[in-house]
Amino acid sequence: MVLWAVACFGVSNAHAVTINGHAYVSLPEVAKRFGMDHRWLSANSHAEIASKWSSLKFKLHQRYFQFNGQRVYLGVPIALHKQNLYISERDYAQTLKPLLFPHRFDPKPKLYHIVIDAGHGGKDGGAQNSGLKLKEKSLALDLSKRLKTKLERYGYKVTMTRDNDRFIDLKDRPAIANKLNADLFISIHFNAVDSSKVDGAECFVMTPAGHPSTNHSKVTSGAKKTYPGNQDNPWSLLAGYHIQKEMVGSTNASDRGLKRARFAVLRDLKCPGVLVEGGFITHPREGRNIGSAAYREKIADGIVSGILQYQKALNRARGIDS
């Protein structure tokens, strides 16, 4: 059941309505705020907001949209009200605005010191594919070392949370980045599921307070809490978007999108952070690819390219030519 209620939220939200407890705003209103054009792609079900530089496509009931062809997840689904599609005000503020207008957010972070977190390690082997003799902890470490080498060539200072096969508690991983006053935290992982049909790459950034994470549909009591990892939402989102886009482009992996989660390594971060899932080792073809050093090199190239694009976005936000 969809529950509607007209709500007044001041001048800027004069056209908002409440749907299932969330404040929503129409896409035509969003287009107006952004100075962009709105058009229907399919009446009452599929719409686009576009400018000379950007395209945002939305479908009724979906919890994601396409930003310049890349899938980005929302907190709550797109809704229909009075013959217009609506997006939640929180998704408008926490997802659309940072992607389109990062220069409106302060303070703008620097990007020099990057912490790379190789997932799992030691007694924690992570995901495994015994048939292909793949262990996530080893793959994550190998990919992290490749990233470090490539990023240092561009002049970045890089610290790894682990550079060998040892166990590090989840809470200690963001603590390392916080202690070093890092500028960006990248946690490296690979996926596994019971089905051998699931494949693709995805990235996660911290879920905004008040919204469910991508893999959940309801706002729990814990979802209402604000964590340190929420403070850099615009920059985590921007970094995650570029890393996901470039990683998919480099590997031709299926695009599983930029998602939201309150992972332990993201919650307590005091700098922008992204968790990368480089693919499914349980998928026959993708698992074989991931087991190949040449393919992991492609993943590394994609992540590095994404970080460089994020650097350019930061420069533009500061008004610096990049």
Side-chain angles (χ1 to χ4, degrees), residues 71 73 115-148 160-174 176-177 185-207 213-216 229 240 243-244 246-248 250-269 273-304 306:
R71 182 177 294 194
Y73 276 79
V115 169
I116 300 174
D117 173 46
H120 308 280
K123 65 181 181 181
D124 178 9
Q128 298 188 40
N129 183 326
S130 57
L132 294 175
K133 298 180 180 180
L134 300 178
K135 290 186 178 181
E136 183 182 4
K137 68 174 184 178
S138 301
L139 296 166
L141 181 58
D142 175 85
L143 178 54
S144 296
K145 288 180 177 180
R146 293 173 189 274
L147 281 174
K148 182 176 188 294
M160 294 177 62
T161 57
R162 68 177 182 96
D163 56 10
N164 53 39
D165 185 17
R166 65 188 179 95
F167 174 78
I168 303 177
D169 194 275
L170 287 176
K171 66 177 176 21
D172 293 331
R173 295 169 184 265
I176 292 171
F185 177 89
I186 306 292
S187 190
I188 301 298
H189 294 261
F190 290 93
N191 255 323
V193 290
D194 291 336
S195 172
S196 62
K197 297 180 180 179
V198 180
D199 70 338
E202 59 193 14
C203 287
F204 290 85
V205 294
M206 185 65 182
T207 311
S213 293
T214 300
N215 293 334
H216 298 84
I243 290 172
Q244 175 68 13
E246 297 298 322
M247 179 170 59
V248 168
S250 177
T251 62
N252 289 319
S254 300
D255 175 25
R256 289 178 59 84
L258 176 58
K259 299 181 175 182
R260 298 281 197 169
R262 294 182 176 88
F263 291 136
V265 294
L266 299 178
R267 283 199 305 261
D268 296 323
L269 270 179
V274 181
L275 187 143
V276 175
E277 293 279 6
F280 284 78
I281 64 174
T282 44
H283 187 273
R285 174 185 49 77
E286 192 162 74
R288 286 193 298 272
N289 284 344
I290 292 168
S292 159
Y295 188 81
R296 293 195 298 277
E297 191 77 3
K298 288 183 180 181
I299 298 175
D301 285 338
I303 295 172
V304 170

For the backbone of [Y] and the side chain of [X], can you confirm whether one donor and one acceptor N or O come within less than 3.5 Å of each other?
{"X": "R162", "Y": "G119", "answer": "yes"}
{"X": "Q244", "Y": "V276", "answer": "no"}
{"X": "R296", "Y": "G291", "answer": "yes"}
{"X": "S213", "Y": "N215", "answer": "no"}

Are the side chains of [Y] and [X] in contact, using a 4.5 Å heavy-atom criterion?
{"X": "F190", "Y": "N129", "value": "no"}
{"X": "R173", "Y": "S187", "value": "no"}
{"X": "H189", "Y": "F263", "value": "no"}
{"X": "M206", "Y": "R267", "value": "yes"}
{"X": "R288", "Y": "L132", "value": "yes"}
{"X": "I188", "Y": "I303", "value": "yes"}

Please report the closest heavy-atom contact between [X] and [Y], naming both atoms and the distance.
{"X": "V274", "Y": "G240", "value": "CG2-N, 3.6 Å"}
{"X": "D301", "Y": "S250", "value": "CB-OG, 4.1 Å"}
{"X": "A118", "Y": "A140", "value": "CB-O, 3.8 Å"}
{"X": "A261", "Y": "L266", "value": "O-CD1, 3.9 Å"}
{"X": "P174", "Y": "L170", "value": "CD-O, 3.0 Å"}
{"X": "S254", "Y": "V248", "value": "O-CG2, 4.5 Å"}

Check the pair V198, N191 against side chain to side chain contact (heavy atoms under 4.5 Å, CB included), reporting the backbone distance first and the verdict last. CA-CA 10 Å; V198 180; N191 255 323; over 6 Å; no
What's the separation between atom [atom1] in [X] and atom [atom2] in [Y], rounded to the nearest 0.5 Å?
{"X": "L275", "Y": "I186", "atom1": "CG", "atom2": "CD1", "answer": "9.0 Å"}
{"X": "L143", "Y": "E136", "atom1": "CG", "atom2": "CD", "answer": "11.0 Å"}
{"X": "E286", "Y": "Y295", "atom1": "CD", "atom2": "OH", "answer": "5.0 Å"}
{"X": "H120", "Y": "K135", "atom1": "NE2", "atom2": "NZ", "answer": "13.0 Å"}
{"X": "D199", "Y": "T282", "atom1": "CG", "atom2": "OG1", "answer": "9.5 Å"}
{"X": "I116", "Y": "K148", "atom1": "CD1", "atom2": "NZ", "answer": "8.0 Å"}

Test side chain to side chain contact (heavy atoms under 4.5 Å, CB included) on V205 and R260 and set out the steps. CA-CA 5 Å; V205 294; R260 298 281 197 169; 3.7 Å; yes
Check D165 with K137, please: is the shortest side-chain N to carboxylate O separation under 4.0 Å? yes
Check step by step if side chain to side chain contact (heavy atoms under 4.5 Å, CB included) holds for L141 and M160. CA-CA 9 Å; L141 181 58; M160 294 177 62; 3.9 Å; yes
For the pair K259 and E277, evaluate side chain to side chain contact (heavy atoms under 4.5 Å, CB included) and give the outcome as yes or no after the intermediate values. CA-CA 11 Å; K259 299 181 175 182; E277 293 279 6; over 6 Å; no
